[in-house]
Enquirer: 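After the structure tokens below, expect a handful of questions from me.
Throughout, a chain's letter reflects where its sequence line sits, starting with A, and its residues are numbered from 1. Predicted, not measured: the structure shown is a model, and the values here were computed from it.
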Amino acid sequence: MSSSASEMRFGMVIDVDKCTGCGACSVACMSENNVGVLPDETDKIRSITWLRVYQIDNGQPYPNTQIAFFPRPCQHCAGSQGHHTPCVSVCPATATDRDPKTGIVSQIPTRCIGCRYCVAACPYHARYFNWYDVPWPEGMDKPLSPFVAPRMRGVVEKCTFCFHRYQRAQNKAFTSGEAMGEMDYQTACTEACPSGAITFGDLNNPEHKVHELKKSPYAFRLLERLHTDTAVYYVSAREWVRRQADNYLSGEKLAKVQAGGGH
Amino acid sequence: MATHGKKQDNRSPADWWLFVLGFVLFAAVGFWATPAILYAEKPQPFQFSHKLHMEQVGEGCQSCHAFREDGSYTGIPSLEKCKECHGEEPMGETPEEKVFSKDYVAKNKPIPWQVYSKQPPCVFFSHAAHVANAGLECASCHGDHGDTEKLRTYEYNRLTGYSRDIWGWSLIPLDGPPKRMKMDDCAKCHRDNGVRDACFVCHK
């Protein structure tokens, strides 16, 4: 049983075999969430990409080289078997919590004191520290989205599964009197993906596509042995891809870890 | 050490009175000066009478403050709404209406209202949840603003730039109107009504 079960559990199923690594999701995410462009974006230690696309390869020489891409949003960990959401448990300021209704891990930048414990605690490098105030060029602050609060220097930020879109979908549900549908709440990256690799929805809801997709025998999550119980599933038919999702011993079988979360 | 103890024993009632007097004096100055230092005024573009307009419109508050189809709230109506009745020539004689017609309607310029209840950018507020779903009266949060004839002074906090209504006009929470709407005030009503409690309810 999950140690912090939630009523709904918003999450993703990302088909790694469909991802071409084009980066449209990253770009959509940045513009949706008011993530700025820093003077030196080549400094990848300090630049901010809520949804980063990682590239891996199978380590074989040409012509057998294969490549796969991993889009990595915040994994919205729940924590299972007595474990907990890594970032929430270390935050000394309660600037981040996990909503028991949606299963979404929040980040309240105005509350953040910038200690970066959460950055260190996150096994997925999903959290980013604002080393600089974003120097919005003249006029570029005008197209900022009013639905997402811009951040300042000295605080941590991360992917929120476009939570503001949930808020808007809920407003619509309140006024129309109809329940929120699967398509009423979709993240910006899901909509932007040209190959349809990302599917988003409520993992607990049998009517949502992700509920079925996550049951695929090829589905796996990142670093499952940490018992973070993430809300982001990946799917790949290629075994070498699945192998890189966790730290396996050279002779170790994959199935063991995925089936039982064995130690 | 011993001399200290002795001195204390020697305090006369006059000493104590002096202390109390000083305390009260400085507290009074503080109470008067702090708001003056902390808050600054900003004028509204021109006066607006809710009372007068409520007699003109057909559907009450909803004529101007309504929900859009997607559940968002129109808030303060745009100039288009005003133009349904107001032209470039003022209908009446008042100087307020002249300013309105000349500077805004004729130039087709949006009116830069100062919003008393404006929350910080990190706050998510939903009229749909409170008005459409919970059926709360406007007055339970906005007081009698809908019945007023004149706009009161708008003040903002010099440090944060937030409206004074958020943290309230009174240092000691005597809480006469206008009502304050701090995080605790939202949360108190939510607790009383059993609304779920997580940072990602009111924040974005």
Enquirer: Shorter than 4.5 Å, heavy atoms on both sides: which option in A/Q107, A/Q167, A/K172 has the most such pairs with chain B?
Expert: A/Q167

Enquirer: For the pair B/H65 and B/Y73, name the ring-plane relationship: parallel under 30°, tilted 30 to 60°, perpendicular over 60°.
Expert: parallel

Enquirer: Can you name the residues that form a ring pair (Phe, Tyr, Trp, His ring centres under 6.0 Å) with B/H53, not counting sequence neighbours?
Expert: B/F48

Enquirer: Heavy-atom distances under 4.5 Å only: say whether A/P109 touches chain B with side chain, backbone, both or neither.
Expert: neither

Enquirer: Could you please state which residues from residues 119-129 of chain B sit under 4.5 angstrom from chain A, measuring non-hydrogen atom to non-hydrogen atom, sorted by number, or 'none'?
Expert: B/P121, B/C122, B/F124, B/S126, B/A128, B/A129

Enquirer: Rounded to the nearest 0.5 Å, what's the gap from CG on A/D229 to NE2 on A/H84? Could you check?
Expert: 13.0 Å

Enquirer: Using the ring of A/Y234 (Phe, Tyr or Trp, six-membered ring only), decide whether A/R221 places NZ or CZ under 6.0 Å from its centre and within 45 degrees of its axis.
Expert: no

Enquirer: Flag this pair as yes if the NZ/CZ of B/R180 is under 6.0 angstrom from the six-membered ring centre of B/W169 and inside a 45 degree cone about the axis; otherwise no.
Expert: no

Enquirer: Do B/Y39 and B/W167 have their ring centres less than 6.0 Å from each other?
Expert: no

Enquirer: What part of A/T110 gets closer than 4.5 Å to chain B, counting heavy atoms only: side chain, backbone, both or neither?
Expert: side chain

Enquirer: Tell me, please, whether A/Y54 has A/R72 positioned over its six-membered ring: NZ or CZ under 6.0 Å from the ring centre and within 45 degrees of its axis?
Expert: no

Enquirer: Look at A/R165 together with A/E191 and state whether they make a salt bridge at an N to O cut-off of under 4.0 Å.
Expert: yes

Enquirer: Contact part of A/Y166 toward chain B, heavy-atom cut-off under 4.5 Å: side chain, backbone, both or neither?
Expert: side chain

